[in-house]
Amino acid sequence: MPKLTMVQAINLALREEMARDERVVLLGEDIGVDGGVFRVTDGLLDQFGPGRVMDTPLAESAILGSAIGMALAGLRPVAEMQFSGFSYLMFHQWEGNATRYRSRTQGQHTCPLVVRMPYGGGVRALEHHSESREAVYAHVPGGKVVMPSGPRNARALLLSAIRDPDPVIFMEPKHSYRSFREEVPEAEEVQPLGQAQVVQAGDDLTVVGWGAMMRPLLKAAEEIKTADGPSLEIIDLLTISPLDSATICASVRKTGRCVIVQEAPRSYSVASEIIARINDDALLYLEAPVKRLAGYDVVTPYFGREKNYIAPVPRIVRAMRETLAY
Amino acid sequence: MPKLTMVQAINLALREEMARDERVVLLGEDIGVDGGVFRVTDGLLDQFGPGRVMDTPLAESAILGSAIGMALAGLRPVAEMQFSGFSYLMFHQWEGNATRYRSRTQGQHTCPLVVRMPYGGGVRALEHHSESREAVYAHVPGGKVVMPSGPRNARALLLSAIRDPDPVIFMEPKHSYRSFREEVPEAEEVQPLGQAQVVQAGDDLTVVGWGAMMRPLLKAAEEIKTADGPSLEIIDLLTISPLDSATICASVRKTGRCVIVQEAPRSYSVASEIIARINDDALLYLEAPVKRLAGYDVVTPYFGREKNYIAPVPRIVRAMRETLAY
Amino acid sequence: MPRQTLAEFTIESLQVLDEDGRVDAALEPALEPEELLRLYRGMSRARELDQRMLKLQRQGRIGTFGPCIGQEAVSTAAALAMRPDDWFIGSFRELGGRLMRGEPMVNTLHFHNGWEEGNVLPPEVGRRMLPLTIIVGSQVPHAAGLGYAAKHRGEDAAVVCFMGDGATSEGDFHEGLNFAAVWQAPVVFVSQNNQWAISVPREKQTHSRTLAQKGIAYDMPCLQVDGNDALACYVAVSEALARARAGGGPTFIEAVTYRLMMHTTADDPRKYRDETQEQEWWRKEPLLRFRQYLIGKKLWNEKQEEALLAELRAEVDTAVKAFEEAAAWPPDRPFEHVFATMHPALAQQRQEFLAHVKEEADA
Amino acid sequence: MPRQTLAEFTIESLQVLDEDGRVDAALEPALEPEELLRLYRGMSRARELDQRMLKLQRQGRIGTFGPCIGQEAVSTAAALAMRPDDWFIGSFRELGGRLMRGEPMVNTLHFHNGWEEGNVLPPEVGRRMLPLTIIVGSQVPHAAGLGYAAKHRGEDAAVVCFMGDGATSEGDFHEGLNFAAVWQAPVVFVSQNNQWAISVPREKQTHSRTLAQKGIAYDMPCLQVDGNDALACYVAVSEALARARAGGGPTFIEAVTYRLMMHTTADDPRKYRDETQEQEWWRKEPLLRFRQYLIGKKLWNEKQEEALLAELRAEVDTAVKAFEEAAAWPPDRPFEHVFATMHPALAQQRQEFLAHVKEEADA
Ligand SMILES: Cc1ncc(C[n+]2csc(CCOP(=O)(O)OP(=O)(O)O)c2C)c(N)n1
Ligand SMILES: Cc1ncc(C[n+]2csc(CCOP(=O)(O)OP(=O)(O)O)c2C)c(N)n1
Ligand SMILES: [Mg+2]
Ligand SMILES: [Mg+2]
C-alpha cells in the first residue's frame, strides 16, 4: 500500500471516480491548469481534458449554481470552493436550491453533487482562510456534511460522497493536507456516509473529534495512556450531518464521560448538538458534564495569534484529565 | 397606553429613532413608497424623505454591503431583508464584513447597523418564506441576534438594536405581526440586548422559548396550570446571541427540568446550544433530560402541510407533561 | 492612438405586430396556421387559468400567487419556438409557457395551494422543466450549467431561462450570464421587463436605458423585443435558439411587457402606481393584438373566440374539480424526500411526528 | 420602426505616456514638478517595500502576501488625484496608493505577519481608508454605501474603489455598480486588469472584449486606460472624481496592467504562464516609463535615482527594524474586539483562555 498525503489521496479518489464514471466533472477556481491552489486536482486536466475539469471565472455562487444545473441534467459535478471562507457567497444556492430540489419535486429532480472545500486554521494564512464553520452547513436539512481526518478516510469518503444521490459538503482539513501520510489501499475503498468511526475502544472516557483535530486528539490520548492508564474510547465523526448519534451515545452510556474537541467557536456548534444528543439518549449515564474543548466565541484571529486559539495537545490532555477526575 | 400590533410597534420604534437620531437611515426592497410588504415601514418615507428611506434595487448582498459602507461612514443604517429566506444572499457580507470590521481594525472601524427580517411560518406563504434559521446567524461571532416575541418588546429591543455599536440581526416573527395587540408605552422604552426575560416565575419546570413560539407556549402553560397545577418558570430568550445562559441555568438549577420550544429544525439549533449550556452549568441539577420540542430535520414543507410541522399548543402541553412526569 | 475608440455596441429593438395587430410583413415569421392558433390558444389558456385563480384565491381556495396577466406572449411564444428536449427554466410569470409545455393545470393549482405534489409533473413534461423559482435570479446560473451539460454531451438541446426586470439586479444574474458566455453555452436568457418589481419601477431598479444592454457586459448578442408581441418574441427566441444550437453561444433578450395585475395577491398596486398607466397597457396587451392579427389573416372570428373561451372554461372547471377532489396526501412525505435514504435519526423523528399528528387529530 | 436601433455605446481607451515614456502633449495633465516627483516617489516606495517583503517572506519573517510589482501606477496615481477626505477602498494590490495616503510601512509588515494591529492606522490616515479586502469583490457595495453617505450628508468627498479583473465576475461587483449608478453616488470604480486572477487569464474570466464595457450595463461613463501609464491613470481618475463631485455619478475605469510576480508568495506562475509574457510586460512596466518621462522633462537623473533608492532602502530598513522589534501584543486582544462591550460568557471564556495560555507557556 502506498503512503499518501491527504492531497494525494483526494486526488486519487477524484481520478478513480472520473475514470469509473464519465458523468463526473470538476469545476472551480484554478483547479485546472494550476491543479488547484493546494494541488488537489493536479494532473486531472491533462488526464480528463477541459470538458471535465473546468477552470471557472471567479464567482462562487455561479460555481455552485451552475453545478446545480449540471446535476439536474444528469452530470455528477464536484465543485471546489477555494477556501471554505469564501463558500458563503454560495450559501443561498446551497440553502435554497441544492438541498431542496429533491424535496421540492418529491424526487423528480435531484442534485447529486459535491462541494469540496479546504477549511480550518494552522497554516498561517490571511483572514478568511482559517475558519471552521461546519455548523452552518450542518443545520441546513437536505444536505450532508462530511469531514475526513486522514488520507485514507478522505479517499474512501470522497468516493461515497460523489456517488451519493444527494448534495454533500466535503470539508477538507487543510492543516492535514500534507502534514502526514497514511497507507491508502490501491484497491478501491469506500466508507459509508453517516457513520462515525470508533478509532479506539475504551471504557473510561469518550472522546469525540473530527477533521484536523483528530491528530492532536490522538496525541493527547497517547499521553494520557502512558501517564495515567485510563482507557479512552475515541470517536472520529467523519460525517457531521446526518450525525451518527447512536455511536456516540452507545459509547457515553458505557464510559459515562465525554470530551468533545473542536476547532470551531463554541456556541451554536457541532459540539453543542453532540451534547444535545447525549442529553436525549444517554443523560442518565453521565458522571460528569460533557466537556467542550472548542474554539472561543471570537472572530477568528489573524495568524499571528492563531496557535493560541486552536487547542494544542496539552490543552486537550488537561480537558481529558479534568473530565476523568470530575 | 395604546394597543399596538407588532407591525405598528416596530414602525413606532423606527419612527422614534429616526426622529431622535438623524444618522438613522432605512434601506431595502419596497420599504419606501410601498411601506414594506408587511407595511412595517409605512409612512416613514413621507415623514423622513427619500434620502433616509430608500427603496433599493433587488439585491440583498448590496443592501447589506452598502449598509456596511454607510455604517463605516457614520450613518446608522437599518436594512430590511424582505424575508429571512432571502437573507442568505448577503450571508458572506455578514460573516465576512459586517461582523468583522471591529475585530479587523481593533475598533478603528465599526459597523453599527441592524438587519431586520421577518422569519418563520404559519402565514401560508410560498417556499422560502417560512424558515426559522436563527442558528445560522447565532454561530457567527461579532454579530448579535435578537428575536422579539411581542409588540412591546419588539419596540424596546429594536431601539436598543439601532443604538447598539455592533451589527444586529433582528428577526421578526411574521406570524405575530398582526395576530395580537399589546399595550406599548407612549414614552420611550428600551430593553437591553443580551438579557432573557423571566416572563413567569415558577419552581417545577423551566420552559424556554422565543419569537413566534412564545404565544403557543404561553397558551400551553395556561392549560397546564389549570389542569395539573405545577408551577412553570417561563423564559423568553429575546436575544439569541450572545445567549443569556445565566438566566436559563439559574432557573434550571431551581426547577431541575426544562423544555425548549422552537420552530427551527432540531439539529444544530439554538435548542442544542441551550442544552449545552445547561450541561456546562446545571447538569447536576437535572432530574430529566432537557426536552427539545423543535421542528424536524426536514426541508421546510410547503404550507399545505406546515400546520403539522410547527408545534401546536397540545404538542407543547404534552412535552411539558412528559418532562414533568419523567 | 492615445484617446481612441476601442469598441462600439448597438442595441436594437424588434416589433413584428404593432399595438393594433398590424404585421410587418418583412419580419413576419413563417408559422403555419396551426402553429399560430396553438400560440393564441396557449396564451388564452394562461389568461383563463390566471383569472380563475384570482377568484379561487379571493375565496381562500388557493394561497398567494402572482398572476401573469398581460405577460402571456413572452413565455408562450418561447415555448412554441422550443423543442421538447430544450430546458425551460422559469421564474414565476411563465404560466403560458408552462402550460404549452404540458404542465397540467391541476398541478399549478396544487402548487399554489401549498403542496409539493404540484411540482411533480408527468415524466415527459417534467423531464426538462423545473418548478417555479422563488429566489429571484437564482435560476440564472442553473441555466448556465444546464447549457454546459447539453454542450458537453454533444446534445443540440438548448436552454431558455426567464427572469424579471428586478432579477437583473441580483448578483446571480450577472454571474450566470458570465458563465454562460465564457462557456458559450446554448442558453437563451429572457428578461420579462414588466416595468415593476413589486413596487419598484424599472427606472429605479437600474440606471441603464435598456435592460438589453446588460448583455454587452458579456459580449453577448442582445436585443430588446416588444414582449406583448407574440410574433416578435417568437422570432427573437427562435433566432437565439438557432444560434445556440449552431454553437454561437448565449443570447440576452429583454422582452418589454407589463404586469397588468398586482405583484401577487398579497400586494396592492394602488399604493405605488397610477391606474392610468395600467389602462394604457391594457390597450397594448398581447391577446388583443394577436387576435386582431389572426382575424386579419382570416384564421379567427367571434364565434371561434366564444367557442374557445367556453372550452377553456370547461378545461379549467375540470382542473379545479380534480384539484378540489384530490385525496389528501400523507402529512409525513417531507421526511421521505430529505435524502434518497432516510437516516435513522430522521426515521425516529418521523415516528414521533406521526404519533403527534395522530394524537392531535384524535383530540 | 420594427427593427430599430435603440442605443449606441462606445468604449474609449486612454494613454498619455507611451511605453517609452513619450508623452502626448495634448493629453498631458497640468501637474507641478513637485507632484510628478511625488508620484514617482510613491511608486518607487511601493516597489521597494514589495521587493523587501518578498525577501522577508522567503526568510519566513512575514507570512504570505501578494506583491503589487508592475501595478504601482494605478493606485499611486489615483491617490495623487484624491483629496484626504475621499475614501480609498482597496482590494489587495494597492500598496502604492496606501503608502501615498500615509499608511506606515510598519503597519503593512505587521498586517502581513498576521496581526490585526497592522490594520490600526494613525487616525488621520485610517479615517478614510479601509484595510485590504480579502473577499474578492465584497468591497464594491461598500463603496456604493460610502458614496451614498457622502452625498446624503452634502459632503463633496468621493470614493475610489479598486478591484481586480477577476473581481468583475463576482455578483457583488455587479450589485455594487448598480447601486452606485442608481444612487448616482460619487464613486470611481477602478478595475486593475492585471491579466490574471491567480492562474486564470483575463480571456477565460469573462467573454467581453474589454472590462470597461461592463460599465455600459449601468449606463456609467466607462473608459479603458493604460494602467502602466501613471499619467493616464491620473487623468482618468481626476476626471471621474471631478464628475463625481459635480453630481455626475459613478465612473468605471479599466486600468490595463500586468501582475509581474506571482499571485501571492504561495503561488508559482510557471504552472500556468509563459515567462515570455512576463518579459514583454517588464518592458512596459510603469516606473521605467515614468522615469523616462521625468528625465525628458529634466526633472530626474541617475544621481537622483540612486539617492532615492538609497533613501527608500533606509526607510524600509527602519520599518523592518521597528516591525521586528515591536513588543509582543497580548494574546487575548481578539476577545476585546468581538463587541464594544464584552458579554459575561465571553469574559469567562477569556479567563479560561488566559489560564490555558499561561499553563502552556509555563510548561
Ligand atoms: C432573492 C429574493 N429577494 C426578494 C424576493 C421577494 N420578491 C419576490 S418577487 C420580487 C420582485 C421581482 O421582480 P421582477 O424580477 O421584476 O419579477 P416580476 O415579479 O416583476 O415578475 C421580490 C422582491 C425574492 N423572492 N427573492
Ligand atoms: C470571494 C473570493 N473567492 C476566492 C478568493 C481566492 N482568491 C484570492 S485572490 C484571487 C484572484 C483575484 O483575481 P483578481 O480579481 O484579478 O485580482 P488580482 O489577484 O489579479 O489582483 C482569488 C481567486 C477570494 N479571496 N475571495
Ligand atoms: Mg418585474
Ligand atoms: Mg487580476
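Within every chain, numbering begins at 1; the chains are lettered A, B, ... in the order of the sequence lines, protein sequences first and strands thereafter.
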Colleague: Of A:Leu157, A:Val115, A:Leu193, which meets side chain to side chain contact (heavy atoms under 4.5 Å, CB included) against A:Phe170?
Modeller: A:Leu157

Colleague: Name the member of C:Ile135, C:Val338, C:Asp172 that forms the most heavy-atom pairs with chain A at distances under 4.5 Å.
Modeller: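 Top count of heavy-atom pairs under 4.5 Å with chain A: C:Asp172.
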
Colleague: What part of A:Gln93 gets within 4.5 angstrom of chain C, counting heavy atoms only: side chain, backbone, both, or neither?
Modeller: side chain

Colleague: Would C:Arg101 and C:Met82 count as a side-chain contact (heavy atoms from CB on, under 4.5 Å) here? Give the steps.
Modeller: CA-CA 9 Å; C:Arg101 298 274 293 184; C:Met82 291 169 72; 3.6 Å; yes

Colleague: Atom SG in C:Cys161, atom CG in C:Leu146: separation rounded to 0.5 Å?
Modeller: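 Between atom SG of C:Cys161 and atom CG of C:Leu146 there are 9.0 Å.
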
Colleague: Quick check: C:Phe162 with C:Phe88 (ring centres under 6.0 Å apart)?
Modeller: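 When the ring centroids of C:Phe88 and C:Phe162 are compared, they turn out to be within the sub-6.0 Å range.
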
Colleague: Heavy atoms only, distances under 4.5 angstrom: which of C:Pro131, C:Gly176, C:Ala144 has the most pairs with chain A? Name it, please.
Modeller: C:Pro131

Colleague: With a 3.5 Å cut-off and no angle check, do the side chains of A:Glu134 and A:Gln262 form a donor-acceptor pair?
Modeller: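 Result is no, nothing qualifies.
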
Colleague: With a 4.5 angstrom heavy-atom cut-off, which part of A:Glu95 approaches chain C: side chain, backbone, both or neither?
Modeller: neither

Colleague: Give the ring-plane orientation class for C:Trp115 versus C:Trp329, where under 30° counts as parallel, over 60° as perpendicular and anything between as tilted.
Modeller: tilted

Colleague: Where do C:Leu177 and C:Tyr218 land on the side-chain contact (heavy atoms from CB on, under 4.5 Å) test, with the steps shown first?
Modeller: CA-CA 7 Å; C:Leu177 262 67; C:Tyr218 321 96; 3.8 Å; yes

Colleague: Would you mind checking which part of C:Glu336 comes under 4.5 Å of any heavy atom in chain A, side chain (CB onward), backbone (N, CA, C, O), both or neither?
Modeller: neither

Colleague: Is it the backbone or the side chain of C:Arg127 that comes under 4.5 Å from a heavy atom of chain A, or both, or neither?
Modeller: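 Only the backbone of C:Arg127 comes within 4.5 Å of chain A.
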
Colleague: Tell me whether the rings of A:Phe86 and A:His128 are parallel (<30°), tilted (30 to 60°) or perpendicular (>60°).
Modeller: tilted

Colleague: Select one option (side chain, backbone, both, neither) describing which atoms of C:Ala340 are under 4.5 Å from chain A's heavy atoms.
Modeller: both

Colleague: Is it the side chain or the backbone of C:Leu121 that comes within 4.5 Å of chain A heavy atoms, both, or neither?
Modeller: both

Colleague: Which bit of A:Arg100 comes within less than 4.5 Å of chain C, counting heavy atoms only: side chain, backbone, both or neither?
Modeller: neither

Colleague: What part of A:Leu75 is in contact with chain C, defined as an atom under 4.5 angstrom from a non-hydrogen atom: side chain, backbone, both or neither?
Modeller: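 Both backbone and side chain.
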
Colleague: Heavy-atom distances under 4.5 Å only: say whether C:Val182 touches chain A with side chain, backbone, both or neither.
Modeller: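 C:Val182 touches chain A through side-chain heavy atoms alone.
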
Colleague: What part of C:Met342 gets within 4.5 angstrom of chain A, counting heavy atoms only: side chain, backbone, both, or neither?
Modeller: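 Interface part for C:Met342: neither.
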
Colleague: For A:Ile63, is it the side chain, the backbone, both, or neither that has a heavy atom closer than 4.5 Å to a heavy atom of chain C?
Modeller: both

Colleague: Please look at A:Pro165 and chain C and tell me whether the side chain, the backbone, both or neither of the residue comes under 4.5 angstrom of a heavy atom of that chain.
Modeller: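 For A:Pro165, the contact with chain C is made by the side chain alone.
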
Colleague: Is C:Phe339 close to chain A through its backbone or its side chain, or both, or neither, when contacts mean heavy atoms under 4.5 Å?
Modeller: both

Colleague: Would you please indicate yes or no on a ring centroid separation below 6.0 angstrom for C:Phe179 and C:Trp183?
Modeller: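 Ring-ring flag for C:Trp183/C:Phe179: true, centres closer than 6.0 Å.
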
